[in-house]
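Right, one structure below, let's go through it.
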2 protein chains.
Amino acid sequence: MSSTVQENRPQEEQPAYSIIGKRVRKYDSLEKVTGKAQFLLDIKLPGMLYGKILRSRYPHAKILRVDASKAEALQGVYAVITAKDTPKIRFGFMKDNLPLKDGVVLSCRDEIAAVAAVDEATASRAVELIEVEYERLSAYFDPLEAMAPDSLQLHEAAENNVAKIPFSFKAGDPEAVFKRKDAVIAENSFKVHFMTHTALGTMGALASCDLEGNVTMWTNTQAPFMYQRELADALGIPGERVRVIQPYIGGAFGRGMDLYPVDVITALLSMKTGRPVKIQFSREEDLSFSPTRQPALIKIKTAADETGRLLARKVEVYLDVGAYVSWGAFDARVMMATTSGQYRMENIQFNAWPVYTNNPSSGTMRGAGNPQINFAIESQIDMLAEKLGMDPVEFRLKNANHPGDVTPQGMRITTCAMEDTIKLAAKKIGWKGTHREGRCRGIGFSTLFHVAGGARVYRSDGCGAILKIDDFGKVTIISGASEIGTGSDTAITQIVAEELGVPLSKVELLNKDTSVKPWDVGIHASRATFVGGNAALAAAKDAKRQLLRLAGRELGEDPANLDIKDGEVITLDGRKRVEYDKLLRRAHFRQGGSMIIASAFYDPPTEMSNPDTMYGNISTTYAFGTQAALVEVDPDTGKVSVLKVVAVHDAGRILNPNGAEGQIEGGVVMSLGYTLIEKLLLDEGMVVNPSFADYKLVTTLEVPEIEVEFVGSPDPAGPFGAKGLGEHGCIPTAAAITNAIYDAVGARIFELPATPDRVLQAITDRENLGRSS
Amino acid sequence: MSSTVQENRPQEEQPAYSIIGKRVRKYDSLEKVTGKAQFLLDIKLPGMLYGKILRSRYPHAKILRVDASKAEALQGVYAVITAKDTPKIRFGFMKDNLPLKDGVVLSCRDEIAAVAAVDEATASRAVELIEVEYERLSAYFDPLEAMAPDSLQLHEAAENNVAKIPFSFKAGDPEAVFKRKDAVIAENSFKVHFMTHTALGTMGALASCDLEGNVTMWTNTQAPFMYQRELADALGIPGERVRVIQPYIGGAFGRGMDLYPVDVITALLSMKTGRPVKIQFSREEDLSFSPTRQPALIKIKTAADETGRLLARKVEVYLDVGAYVSWGAFDARVMMATTSGQYRMENIQFNAWPVYTNNPSSGTMRGAGNPQINFAIESQIDMLAEKLGMDPVEFRLKNANHPGDVTPQGMRITTCAMEDTIKLAAKKIGWKGTHREGRCRGIGFSTLFHVAGGARVYRSDGCGAILKIDDFGKVTIISGASEIGTGSDTAITQIVAEELGVPLSKVELLNKDTSVKPWDVGIHASRATFVGGNAALAAAKDAKRQLLRLAGRELGEDPANLDIKDGEVITLDGRKRVEYDKLLRRAHFRQGGSMIIASAFYDPPTEMSNPDTMYGNISTTYAFGTQAALVEVDPDTGKVSVLKVVAVHDAGRILNPNGAEGQIEGGVVMSLGYTLIEKLLLDEGMVVNPSFADYKLVTTLEVPEIEVEFVGSPDPAGPFGAKGLGEHGCIPTAAAITNAIYDAVGARIFELPATPDRVLQAITDRENLGRSS
């Protein structure tokens, strides 16, 4: 895997940074590679009990009777709880869920009872001893089926089983465009499936209550302060009674956005027993009972004029939210933004129906709807190019976004190197035009548009930071921003070290405990480095001001004539220089001494979309990219081999090329699985392949050559010019690959994953079509 | 035990505080009384090893050979270290100590080797297997003996075994006064003994090293940032590599000021094994190998004129520092301050000789020299009063300190209610004059003078504080100040709650981790509430400013017209009121949102004494007090029963009467042991009564009625007027009791403890004296 970091501005204009832009190792790498890092799985508190959950046997049923007496009588069992032991407060994105279900179960994941026992085996045995009597009800496993007029209504507030969330947007008049004579139109349906996060750290929680009624939670959440508020609400206690500790997190990928029944149940068991209680899913439980990427049926119609200028797009999405609505429902909003914003276009119609079914609840996952909609849009872009007789690269270039554009939803594009990403991807993959790669080989492209400067999906988009410097010159940054493995901690320490002019090794970051760290909305929308970085930068700027003021006093110089570099305070003329830590000690160890403590709260200038018009500049800046895939298809088996992926991304200034490349590569590999092999198989709403033997992941053997390139200029709003990039690598991969399959064998993939049987079927369909036409 | 809180100013002038001055329960009481609080003893890390130390068999010897091969071969042993495995960096107050001794041992406490093993039993067994060959040397167990010209020199830098610390002070011309015809003179020698801290949490440390070379220490230190610096120096690593966590501390009483060999050894064992290592002393080890209160021989000569005005005092102190010098040597400076400052006097001479012996090293203990010197001074005050034919209460009143006084050492007395304390103590104990209590009953008095507004014994006397407020209105104060059981945490939370106008339950205090908390010099000199409180107060004032600014914006009012009371922001005219947490949420959850983070570093305006002149206002303010004791002496057995103690203290405004009374009562009880029963018995430098069966403590059965009274006005420099009071209760108790013994049976006690045999001897001496005269 190779990489070059390119920028639009000539190299000689580049500021001479010491740490920004350098290849540094991840802040926590040593602890992680040596196994010293403590994950939830590793944490054991004195007197800790182990919990297990009894779930529904059926996807939809009335609970007639629960008898836990045998479980309660089992030696080693400390508590058994059912709905009657809970405050019955609804929680979740739409307040439609209960920690333990009361009367009716809506999916095979539904929690009926829970046990805390001296060890896991006892807890499991106790769960088996709980008797439940059910009355089965009709169940729906397809959104359209659930929407049918005669279907049972699963939730009181959801007529026709459609959750009441406003997901409609209209700009211009797409229908009028579709009627135009000169309009070249493509209209298709695409289907995306149940994929799951497969985080190596399985789901779970550890709760410990004290005698004041405080609950401390160890959890893999991405949004600890939201978790704090929601858990407190679900427990019926004041928010300040909940403290959230995030140990090292073994991957979250979006599923850490929601509060889950397991969190509330663990807290309830700890409250009931007065002891710490941990529930940690086994791998089987994790694959069976964790949220999934939002599956959807996407109907899409796009029109261009004969010159290839895009005119209008209409998208209808049916989301299978499962039994309860999660932040995954919000994926529709990201789909809407991409529908309206990716490529210049004036006429847009978007509608989404988040539909309750008796499937497992789907959550949100890296890219938050964008990988799904991108697959549909970018597949259709190629189909439309073919209809127009245009080169797909040319077609994309003609319609690319540009700096200064405002999308129909009001998203203001500032820095934007979309054109450069398309051109460089075509060049690097060796694009010579359609069907030029020889027998069964093909190249495909896909571009992307995504938020990259925060995203105001909640009333606050902010993050706090506190900074202190000790006598040894160690800089401690206490950041609100969470680290879930993306490398944001590394970037934040780089930002602080660069701004203060101190060695990177002098910067320590603390951000695992809500009782210590200042507020942050959570890590999502690729915002941690941008928002957390800007907060840390503001605190560092404040600290630098204080430090230069001290230095001015000590050196008898105007602070304006001073700077800090490589750990030394220097006069701008280079005449005087002194180690910064020595200065700090001089300022501290004397009468009337002082020490440096700084803080900041950064709330980006982002707007929440107007709930009626869906208009609003949701992010401070946006990122763009193009991926190109070279594939080979075996026409006899349908097996697709991805030979190479070129991923060209505009993410502003790259703070740490190692980390940035890792994020893009990881995204590509994750989407390789999404595109080709990963699928949760469901039978009557129950996962039937809950193991890594049956739920296949991409292994190193299947990873192709991935060439990562960065283009674009530093973003004026980003910390040192950085834009977000955590999700971007996974967004365009699917369409790039399926477009390449089409380029190779002329078979169009309308449903993921493109498994050999499905590719073979597409080849057969194409041949049949050829024969019949 | 009863108490009234009195103040000089009339009650109607008292500000109407909601929380200050109220009886609140201790901040950590619930965790402590239920056993949930985690002390060092309770902490167990994954993979943790247990360490044990091999100490010298002799008080003074050459080490000829150490053979650890059998210990190393023992199964379950992970590491054995001796001096050759250490960096041999000297540490300690005078850099005269090594973690493991190299060549020569100077006391029976001296560490020769240490072991880390899978459990304590294996570690103990391994220690027994280490063979050491010694060559015994002459040993000295008395300072005067050690100072003899023909004694062996124990430390290179210490001629005549006197440590080179400047402890001399002279003002006026005492010798000239002593020659005056009208001078009434008393001249005596007093002796104070080995007493130990008997903290319930035994000494020890837990060290855990990571792969970056960082060492995290869990320790009972009182001065975590000094510990950080000193441990790093002793290990030869940069200071920022050491992180110090203070779990709940089961008492420190001064012994937490120093770094000990056990700390360095534990870190070295963890570094060598790559695993966490804990060494926790057994009770026997704790009594045998922990520091003691500084024992001393005190020669004192005081002159008054015939009217009872004190003229001059000369004090010579011989301190037995043991084998190594600790912060205990600094006790001499406190003795000097009391010698020169307690009572108005112009002619002073003070000299102290800190002498190395082969006894166990003595440390510093609550009162830091003041309980020792107070016993001598206040015993002699009574003797002088008798010579003058004056009532001892009258004599004290005549010479009492007053506001505006500057002591010969330059200590500036601001608030001072010494007279009030004397008068009230006399009244409350029912003083009718000498020898008026009937047969074998007597009353004695003693006053005190002590720092109460920080104490600049190090280059910084400062403390930092960080404050954040969350969406629920919870105020988190991150304080540098340590809690060692004194109640300072409670006081600090009260200060923050009062200043911000929020309920006390809304304030959380974090101060157990140097990586999180800002710098503080440590808890000593009764400074935590004064200095830590002032730092917290400054941060709270900043936060209040921010909060009122926000509130002004939200309410459309000038912030100057707003205040916060009982959790509500109100206009001064009472017209508008709104909950402060609601305001905070409004300010946070919107575009351009903000949250409140504040910080402060408070360094009191204290001066380090000039090392040549010993002149300097070491504390911002000073505290005064008088204790009166009523005793009954059994003339046949010498047994002393203390029937009642009245303790009247001037500590400025009392923030929490519960806590303040507890501190005074605890001090009285601790000194009851010092005065009557507690003594470490040494045989050839080895403790021979290392158990609570043989080292007697005062139990509840021996605790007399203690009446605590507070007088004095709020100190303008203290947080809400508070002065320090943590040590004060223990300072005057001994002299009050021994003066009462004299009042009862005419027997003068010159050496502590006043055990029955010693009292009986004093009675016999008095009778013999009576017969022979």
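The shown structure was predicted, so the numbers you read here are calculated from the model rather than taken from an experiment. The sequence lines fix the lettering, A, B, ..., with proteins before strands; numbering per chain opens at 1.
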* Structure fact -> Assert top hit (heavy-atom pairs under 4.5 Å, partner chain B, pool A:Ser515, A:Ala598, A:Ala232, A:Gly47) equals A:Ser515
* Contacting region of A:Ile478 [heavy-atom separation from chain B under 4.5 Å] -> side chain
* I would like to know whether A:Cys463 and A:Tyr602 meet side chain to side chain contact (heavy atoms under 4.5 Å, CB included); could you show each step before the answer? => CA-CA 5 Å; A:Cys463 178; A:Tyr602 173 76; 5.6 Å; no
* Does any heavy atom of chain B fall under 4.5 Å from the side chain of A:Ala600, the backbone, both, or neither of them? -> backbone
* Asked: Can you tell if the side chain of B:Ser609 reaches within under 4.5 Å of the side chain of B:Ile618, non-hydrogen atoms only?
  -> yes
* Write down the atom of B:Lys278, the atom of B:Asp42, and the distance for their closest heavy-atom approach. => NZ-N, 4.3 Å
* Shortest non-hydrogen contact between A:Ala455 and A:Asp461, atoms and distance -> N-OD2, 3.0 Å
* To do: Check each atom of A:Pro46 against the heavy atoms of chain B and say whether the ones under 4.5 Å are side chain, backbone, both or neither.
  => side chain
* Interface moiety of A:Lys44 toward chain B, non-hydrogen atoms closer than 4.5 Å -> neither
* Asked: Contact part of A:Leu30 toward chain B, heavy-atom cut-off under 4.5 Å: side chain, backbone, both or neither?
  -> both
* Asked: With a 4.5 angstrom heavy-atom cut-off, which part of A:Tyr458 approaches chain B: side chain, backbone, both or neither?
  -> side chain
* **pair B:Leu550-B:Leu583: side-chain heavy atoms closer than 4.5 Å** => no
* Pick whichever of A:Leu510, A:Ile596, A:Val521 has the most heavy-atom pairs under 4.5 Å with chain B. => A:Leu510
* **Short side-chain to backbone donor-acceptor contact, B:Gln546 and B:Ile597, under 3.5 Å** => yes
* Between B:Lys32 and B:Glu483, is there a side-chain N and carboxylate O pair less than 4.0 Å apart? -> no
* Using a cut-off of under 4.5 Å on heavy-atom pairs, state which of A:Met608, A:Arg456, A:Glu607 scores highest against chain B. => A:Arg456
* Please state whether the side chain, the backbone, both or neither of A:Glu508 comes within less than 4.5 Å of a heavy atom of chain B. => side chain
* Structure fact -> The interface call for A:Ala37 against chain B, heavy-atom contacts under 4.5 Å, is neither
* Asked: Tell me, side chain or backbone of A:Arg243 under 4.5 Å from chain B's heavy atoms, or both, or neither?
  -> neither
* Structure fact -> One option among B:Met595, B:Glu31, B:Lys506 has the most heavy-atom pairs under 4.5 Å with chain A, and it is B:Met595
* Quick one: what part of B:Thr514 sits under 4.5 Å from any heavy atom of chain A, side chain, backbone, both or neither? -> backbone
* B:Lys582/B:Glu554 ion pair, N-O < 4.0 Å -> no
* Counting heavy-atom pairs under 4.5 Å to chain B, which of A:Arg229, A:Lys36, A:Gln228 comes out on top? -> A:Arg229
* **A:Ile466, part contacting chain B, at a heavy-atom distance under 4.5 Å** => side chain
* To do: Tell me, out of A:Thr606, A:Asp603, A:Asp471, who's got the most heavy-atom pairs with chain B below 4.5 Å.
  => A:Asp603
* Side chain / backbone / both / neither for A:Gln38 at chain B, heavy atoms under 4.5 Å -> side chain
* Any donor-acceptor pair under 3.5 Å linking the side chain of A:Ser599 with the backbone of A:Ala465? -> no
* What are the two closest heavy atoms between B:Ala207 and B:Met217, and how far apart are they? -> CB-SD, 3.5 Å
